[in-house]
Peer 1: 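Take this structure first; my questions come after.
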Amino acid sequence: MKKVDVTILGGGPVGSFLATILNDMGVSNVVIDRDLIPYQLPRAIVMDDEILRACYDHGMGEWLQHNTEPLQRGDFVGPNDEVIIGADIPPVGLQGVPPVVVHYQPELDAMLRSEAEARGSTVMWGRTVTHMEDEGKKVVTTLDNGETIESRWFVGCDGASSWTRKFLGLQLEDLRFDQEWLVVDAELHEGAVVDLPAGVRQFCHTDRPFTFVQGVRRYRRWEFQVQDDEDTAALNTEQGLWQLLDGMISPSVARIVRSAVYRFHAVIAPVMQKGNVFLAGDSAHQTPPFAGQGLNSGMRDAINLAWKFSFITRGVSTEKILDTYSPERVPHVRSTIAHAVDMGRLIDQLGGRVSHGVDVESGYGGTRPSPFIEAGIVVGDDARVGHQFWYHPEVSKAVQRDGASFVLVTEVPVDIPVAFGAVPVVNVVAPETLGGAFAIVIRPDRYVAAVASDVTELNECAANLATYV
Ligand SMILES: Cc1cc2nc3c(=O)[nH]c(=O)nc-3n(C[C@H](O)[C@H](O)[C@H](O)COP(=O)(O)OP(=O)(O)OC[C@H]3O[C@@H](n4cnc5c(N)ncnc54)[C@H](O)[C@@H]3O)c2cc1C
């Protein structure tokens, strides 16, 4: 019987990313996937700066520099193609990387699989699971070849129709969005001259809304809303596709790489953990893609779990830290999906099709507040708490000390307050990042855990944070 810390079912992007960063944190793992190679059709196309920063910090920056491109702009345009809301995206944002990049998902998935293997994961491609038993102190997993694996935890990263979720009997809550869209990926011919928008644009047209995304290199993505009375089979033919693309591209400038009809829906598992078994990625939540957040959210799940597993295997925390996974991730994902759903509704609304009363500020570049960690290992009501800390190279290094550590940012060097107890904490002096605070406590996933205005408050925050480990 093979013994590891974590069994991961699903070597898609979320499972492979989780395996990769667990290796960096010294947590042994096995990844199982029924497919010998990654899924070959592109789905996710944009990656945000929180995930980009995490990938850079875990040594994947060089690959990303060569295989992604910054997204330059996002717009919602009305029936006459007039910009209703939109913004240019700066080349570098608060995480020291572009705020959004585009990628080609099959390449990203392949890179993550090979990083997981190269960094020490046991990979089992072409295998699946027939049974899993959570025995309290360990999980015993049986594979389709009869082999068994004993692990401390099991993570189901097995996608939308998750075996793990069904095996556990965890339900998905319907967040009330359900539309059919036809997704078309095209590749421009070398040297082709086209007149297409820069970045991502939601065409809020009255007869048929559609999305355009400028993909990496010569890839371009269109997503067309299917209308109630339409036959998707007729739309999704060579002739039907070129008709939809008429006026934008033609066979003389591009080839169609693939097309598929998707149901864009919004669902979430209100609980992402049962005992020693966890859900991460599409197994736990699915979102309409208007905000480009499905995979980004799944990778956030992986980051959230990874440092908590590592704290336990290093003996600096008890298992109770894992009770914070669902309370931290579920509201965050819920809020992320709510924004994407509102974007979908806004598309219909701006096209004059139906009024949902959605604020136009939910569009690209709008002022809608971003999700944050509302409950869990966060203390106090400073506006920075629960949000990502801005990029600082020393902080990025320090959060990876011994695999994963908290960081205490101060104006001058300080002794780590004893109130932190067993929590591993590294002091970083960075007065320029304090914004008037006496100290900022940053979690290993670079979320702000607490902001203290004086030493007394810091000691109180430290004592509070120590209760979670
Ligand atoms: C049109 C479209 C556009 C999108 N755009 C974006 C975007 O721009 N940005 C973004 O962040 N997200 C986007 N997404 C969402 C993104 O593609 C998904 O969220 C992401 O692929 C989920 O990754 P995952 O690893 O959780 O699941 P998957 O990618 O589905 O991987 C699951 C893996 O588990 C394996 N598996 C499943 N069941 C078993 C089993 N029983 N045994 C063994 N192996 C199993 C599968 O073979 C697969 O490899 C988009 C999705 C669509 C459809």
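Everything quoted here is computed from the prediction, not taken from an experiment. Each ligand, and each atom within it, is numbered from 1 in the order the structure gives.
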Peer 1: Hey, is Q105 one of the residues with a heavy atom under 4.0 angstrom from ligand 1?
Peer 2: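 The answer is yes, since Q105 has a heavy atom less than 4.0 Å from ligand 1.
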
Peer 1: Of all the non-hydrogen atoms in the protein, which one sits nearest to atom 53 (C) of ligand 1, and at what distance?
Peer 2: Y262 CE2, 3.4 Å

Peer 1: Counting only heavy atoms closer than 4.0 Å, does ligand 1 sit against the backbone of Q293, its side chain, both, or neither?
Peer 2: backbone

Peer 1: Need the ligand 1 atom indices (1-based, order shown) with element for anything under 4.0 Å from a heavy-atom of D35.
Peer 2: 47 (O)

Peer 1: Going by an N to O cut-off under 4.0 Å, is there a salt bridge joining D185 and R221?
Peer 2: yes

Peer 1: Run the numbers for me: atoms of ligand 1, each under 4.0 Å from some heavy atom of L9, listed by number.
Peer 2: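 With L9 as reference, the close atoms of ligand 1 come out as 42 (N), 43 (C).
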
Peer 1: To the nearest 0.1 Å, how far is atom 41 (N) of ligand 1 from its closest protein heavy atom, and which atom is that?
Peer 2: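 Sorting protein heavy atoms by distance from atom 41 (N) of ligand 1 puts T128 OG1, 3.3 Å first.
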
Peer 1: Between ligand 1 and F264, is the shortest N or O to N or O distance under 3.5 Å?
Peer 2: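 No; every N/O pair is 3.5 Å or more apart.
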
Peer 1: Does even one non-hydrogen atom of R221 get within less than 4.0 Å of ligand 1?
Peer 2: yes

Peer 1: Heavy atoms only: which of L108, D282, L295 lies closest to atom 26 (O) of ligand 1?
Peer 2: D282

Peer 1: Any non-hydrogen side-chain atom of Q214 less than 4.5 Å from a side-chain atom of R201?
Peer 2: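 They are not in side-chain contact.
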
Peer 1: Under the 3.5 angstrom rule, does the side chain of D48 hit a backbone N or O of I51 as a donor-acceptor pair?
Peer 2: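 It does hold such a pair.
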
Peer 1: Judging by distance only, is a nitrogen or oxygen of G281 under 3.5 angstrom from one on ligand 1?
Peer 2: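 N/O-N/O distance under 3.5 Å: no.
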
Peer 1: Between C55 and W63, is any pair of side-chain heavy atoms under 4.5 Å apart?
Peer 2: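 The answer is no; the side chains never approach within 4.5 Å.
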
Peer 1: Report the part of C157 in contact with ligand 1, treating N, CA, C, O as backbone and CB onward as side chain, heavy atoms under 4.0 Å; options are side chain, backbone, both, neither.
Peer 2: backbone

Peer 1: What protein heavy atom sits nearest atom 6 (C) of ligand 1, and how far off is it?
Peer 2: A44 CA, 3.1 Å

Peer 1: Counting only nitrogen or oxygen atoms and a 3.5 angstrom limit, does A160 reach ligand 1?
Peer 2: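 A160 vs ligand 1: no N/O contact under 3.5 Å.
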
Peer 1: Side chains of L322 and F278, heavy atoms from C-beta outward: is any pair under 4.5 Å?
Peer 2: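 When only atoms from C-beta onward are counted, F278 and L322 do touch, with a gap below 4.5 Å.
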
Peer 1: Could you find the nearest protein heavy atom to atom 27 (O) of ligand 1 and give me its residue, atom name and distance?
Peer 2: G159 CA, 3.7 Å

Peer 1: Classify the contact between D109 and ligand 1 as side chain, backbone, both or neither, using a heavy-atom distance cut-off of under 4.0 Å.
Peer 2: neither

Peer 1: If the condition is salt bridge (Lys or Arg N to Asp or Glu O under 4.0 Å), which residues does E147 pass it with, not counting sequence neighbours?
Peer 2: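 Residues passing salt bridge (Lys or Arg N to Asp or Glu O under 4.0 Å) with E147: none at all.
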
Peer 1: Nearest protein heavy atom to atom 34 (O) of ligand 1, by residue and atom, and its distance?
Peer 2: G10 CA, 3.3 Å

Peer 1: Side chain of S396, backbone of P393: donor and acceptor closer than 3.5 Å?
Peer 2: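 Not confirmed, S396 side chain does not pair with P393 backbone.
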
Peer 1: Output the list of atoms in ligand 1 that are nearer than 4.0 Å to some heavy atom of I45, sorted by atom number.
Peer 2: 5 (N), 6 (C), 7 (C), 8 (O)

Peer 1: Got Y104 and E187 here, is their nearest side-chain heavy-atom distance under 4.5 Å?
Peer 2: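 SC-SC contact between Y104 and E187 ruled out.
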
Peer 1: Quick check against the 3.5 Å criterion: does H339 have a side-chain atom that pairs as donor or acceptor with the backbone of S362?
Peer 2: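 Pair found, side chain donor or acceptor close to backbone of S362.
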
Peer 1: If you measure every N/O of D33 against every N/O of ligand 1, is any gap under 3.5 Å?
Peer 2: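 The answer is yes, given that D33 and ligand 1 share an N or O pair closer than 3.5 Å.
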
Peer 1: Does ligand 1 have an atom that lies less than 4.0 angstrom from a heavy atom of P13?
Peer 2: yes

Peer 1: Give the residue, atom name and distance (to 0.1 Å) of the protein heavy atom nearest atom 43 (C) of ligand 1.
Peer 2: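 The protein heavy atom lying closest is R34 N, 3.2 Å.
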
Peer 1: Check for me whether the distance between the ring centres of F76 and Y364 falls short of 6.0 Å.
Peer 2: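 For F76 and Y364, the ring centres are under 6.0 Å apart.
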
Peer 1: Is M299 in contact with ligand 1, taking contact as a heavy-atom separation below 4.0 Å?
Peer 2: no

Peer 1: Of all the non-hydrogen atoms in the protein, which one sits nearest to atom 2 (C) of ligand 1, and at what distance?
Peer 2: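 Sorting protein heavy atoms by distance from atom 2 (C) of ligand 1 puts R43 O, 3.8 Å first.
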
Peer 1: May I ask you to identify the nearest protein heavy atom to atom 31 (O) of ligand 1, giving residue, atom name and distance to one decimal place in Å?
Peer 2: G12 CA, 3.6 Å

Peer 1: Could you list the atoms of ligand 1 found under 4.0 angstrom from a heavy atom of V183?
Peer 2: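 Those atoms are 1 (C).
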
Peer 1: Quick one: which ligand 1 atoms are inside 4.0 Å of a heavy atom on R127?
Peer 2: 43 (C)

Peer 1: Before you tell me yes or no, could you show the steps for D348 and Q225 under side chain to side chain donor-acceptor pair (under 3.5 Å), namely the whole-Å CA-CA distance, both residues' side-chain angles and the distance that decides it to 0.1 Å?
Peer 2: CA-CA 10 Å; D348 276 329; Q225 191 191 70; 3.2 Å; yes

Peer 1: For ligand 1, which atoms, with element, lie under 4.0 Å from some heavy atom of P289?
Peer 2: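 Every atom of ligand 1 under 4.0 Å from some heavy atom of P289: 3 (C), 4 (C), 5 (N).
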
Peer 1: Output yes when E328 and K308 qualify as a salt bridge under the 4.0 Å nitrogen-oxygen rule, no when they do not.
Peer 2: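 Salt bridge: yes.
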
Peer 1: So, using salt bridge (Lys or Arg N to Asp or Glu O under 4.0 Å) as the criterion, who are the partners of E180 when residues are at least two apart?
Peer 2: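 Once residues adjacent in sequence are excluded, the partners of E180 under the salt bridge (Lys or Arg N to Asp or Glu O under 4.0 Å) criterion are R263.
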
Peer 1: Under 3.5 Å between some N or O of ligand 1 and some N or O of N296?
Peer 2: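 Checking ligand 1 against N296, an N or O pair does fall under 3.5 Å apart.
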
Peer 1: Given F210, which of Q202, M248, E223 fulfils the side-chain contact (heavy atoms from CB on, under 4.5 Å) condition?
Peer 2: M248

Peer 1: Quick one: are L18 and C157 in side-chain contact, heavy atoms under 4.5 Å?
Peer 2: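 Yes, close enough: below the 4.5 Å cut-off.
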
